[in-house]
Student: 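Before I ask anything, here is the structure I am working with.
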Amino acid sequence: MPSERSTTTRRSAGIRDRGVTVPDDAVVDQLVRPLRRYIPVGWFDWEPYGKRPKSWWPDLWLFTSFLAMAALLTWPSPLIQFDWAVRMWAIDYRIESLRPVAESLAQFGQARVVAPVTLGFAVWCSLRSRSIRPLLMYVLSFITLAAILGMKYVLGRPLSLHPFQLRDVSPDGALLFTYFPEGGGGNINEATAFPSGHAVNSVLLFGLIVMLIGGLIPKTLRWGLIWVPPIAVFSAQVFYLGQHWFSDEPAGIILGLLIIRSAQRVAWHEIPLGPLKVFEPATRKTILISTLLILWVMGTPLLPLNLALVSAVLVVATGLGWLLLSRREARRREEEEEAAEIPSQQSDSSQ
């Protein structure tokens, strides 16, 4: 006679794997679902954060302001005198114990520090969205930055690190187009003050981070990335480190804003790629090679002039060679697919 216990359904009858009865796919879904907000899935999902500027008037006013500022620096204007007064005030009231803090804050505008971080976010977006478009946005904006920073050497304004030595060789002050061979007889650094490259970087590179992942982070953090770096760099360089004149900073911020606003006008997630369409959707190998080429480009300006020129030629040749080989491979695959379709069509017609 069977016992009562044998006819009773046991609570542990459906338990397997040490009591885990939830299917694996359900467990994964429960773990991944909270992260969906931070992990865009599908190569078509990524798009830059932020609304496109509707008017060109702010850009026009910014550019006009930059030109006006540059014009005032070509002669002993009140702006030159104001820059000198601020520099003297900073020397008299500088708190030397805050120098390490100021040096740390200035790193927000250091390209060799922030640019790799921004590139890391671009690579992450490319990997998660299977697209080279985030990398393309980074490269074009960064190239624009390099072109604009080149004007520092053309405009030629001495830095403010040694103002008293500068006054000896240039009584009118730190004017534009003021070049001093070998420091002009004093300990004067090269004339690359206007505009401040750190200020441009603090706006552009952090602005690119917001464009890359702005939709995935809280609003407070977005505003922090936009406002904190420029203010930190401005304060550190002008009032503590003495690396720039006062007017160098707003000039750099203006140029950074112009680049970011220009980048926001481009629909990077849907812009025609032309010959680069062969890389979409992007594989991990494609993103890896693209990243290596970008790092190569970023490292080229750090080389001596002759090596930099050779490196620039090599990186362009390497990129073009990769593009040509990729296009040839894509055509070969298309021909193979067409050849495979012809027999299937013939067999269907015979039936």
Side-chain angles (χ1 to χ4, degrees), residues 61-92 94 102-103 105-112 114 144-205 229-259 301-302 305:
W61 283 111
L62 287 171
F63 186 65
T64 303
S65 300
F66 177 82
L67 293 180
M69 198 177 303
L72 288 172
L73 296 178
T74 58
W75 56 283
S77 66
L79 183 58
I80 293 287
Q81 299 172 8
F82 178 76
D83 282 343
W84 177 264
V86 172
R87 185 71 183 95
M88 293 300 101
W89 181 90
I91 292 176
D92 293 337
R94 181 174 54 196
E103 292 176 346
L105 294 177
Q107 297 304 308
F108 283 112
Q110 184 63 262
R112 62 172 175 263
V114 186
T144 306
L145 167 66
I148 288 182
L149 292 183
M151 81 170 57
K152 290 161 61 73
Y153 293 89
V154 176
L155 295 177
R157 190 187 196 194
L159 293 169
S160 63
L161 292 175
H162 306 284
F164 299 107
Q165 290 89 334
L166 174 64
R167 175 58 64 91
D168 293 337
V169 296
S170 180
D172 292 330
L175 278 64
L176 298 185
F177 311 109
T178 304
Y179 306 96
F180 298 104
E182 302 298 330
N187 189 17
I188 300 174
N189 293 63
E190 58 184 352
T192 58
F194 186 86
S196 168
H198 280 65
V200 179
N201 293 332
S202 65
V203 175
L204 173 61
L205 295 176
I231 294 175
V233 170
F234 189 107
S235 303
Q237 289 200 311
V238 173
F239 299 115
Y240 290 98
L241 301 179
Q243 294 176 341
H244 278 281
W245 308 98
F246 185 94
S247 59
D248 298 337
E249 299 297 325
I253 292 174
I254 286 174
L255 291 182
L257 289 173
L258 286 173
I259 301 175
L302 302 178
L305 179 59

Student: Using every non-hydrogen atom in the two residues, find where Phe239 and Ala90 come nearest and quote the distance to one decimal.
Tutor: O-CB, 3.8 Å
Student: Taking all atoms of both residues into account, what is the closest heavy-atom pair of Ser202 and Pro230, and its distance?
Tutor: OG-CA, 3.5 Å
Student: Restricting to non-hydrogen atoms, name the atom on Val233 and the atom on Ala199 that form the minimum distance, rounded to 0.1 Å.
Tutor: CG1-N, 4.1 Å
Student: Does the side chain of Asp172 come within less than 4.5 Å of Ile80's, by heavy atoms?
Tutor: no
Student: Between Trp245 (side chain only) and Pro158 (backbone N and O only), is there a donor and an acceptor less than 3.5 Å apart?
Tutor: yes
Student: Not counting sequence neighbours, list each pair that qualifies as a side chain to side chain donor-acceptor pair (under 3.5 Å) and has a residue in residues 64-79.
Tutor: none
Student: Kindly check if the number of other-residue, nucleotide or ligand heavy atoms within 6.0 Å of CZ (Phe177) is above 12?
Tutor: yes
Student: Only counting residues at least two apart or in another chain, list the ones meeting side-chain hydrogen bond (donor to acceptor under 3.5 Å, both in side chains) with Ser160.
Tutor: none
Student: Can you tell me how far apart CE (Met69) and CG (Asp248) are? Round to the nearest 0.5 Å.
Tutor: 9.5 Å
Student: Return the CG to CZ distance between Leu258 and Phe66, rounded to the nearest 0.5 Å.
Tutor: 9.0 Å
Student: Quick check for you: to the nearest 0.5 Å, what is the distance between Ile259 atom CD1 and Leu204 atom CG?
Tutor: 5.0 Å
Student: With sequence neighbours excluded, tell me which residues meet side-chain hydrogen bond (donor to acceptor under 3.5 Å, both in side chains) with Ser196.
Tutor: Gln237, Glu249
Student: Please report the shortest heavy-atom distance between Leu255 and Pro195, naming the atom on each side.
Tutor: CD1-CG, 3.5 Å
Student: Go through the structure and list residues passing ring-ring contact (aromatic ring centres under 6.0 Å, His included) with Phe108, not counting sequence neighbours.
Tutor: Phe206
Student: Any chance you could measure His198, atom NE2, to Gln107, atom CD, to the nearest 0.5 Å?
Tutor: 6.5 Å
Student: On a heavy-atom basis, which atom in Ala174 and which in Leu166 lie closest, and how many Å separate them?
Tutor: CB-CD2, 3.7 Å
Student: Side chains of Glu103 and Leu241: closer than 4.5 Å at any heavy-atom pair?
Tutor: yes
Student: Which residues satisfy the side-chain hydrogen bond (donor to acceptor under 3.5 Å, both in side chains) test with Asp83, sequence neighbours excluded?
Tutor: Arg157, Ser247
Student: When rounded to the nearest 0.5 angstrom, what distance separates CG in Leu105 from CZ in Phe234?
Tutor: 14.0 Å
Student: Answer yes or no: is there a side-chain heavy-atom contact under 4.5 Å between Val238 and Val86?
Tutor: yes
Student: What pairs with Phe82 under ring-ring contact (aromatic ring centres under 6.0 Å, His included), at least two apart in sequence or on another chain?
Tutor: Phe246
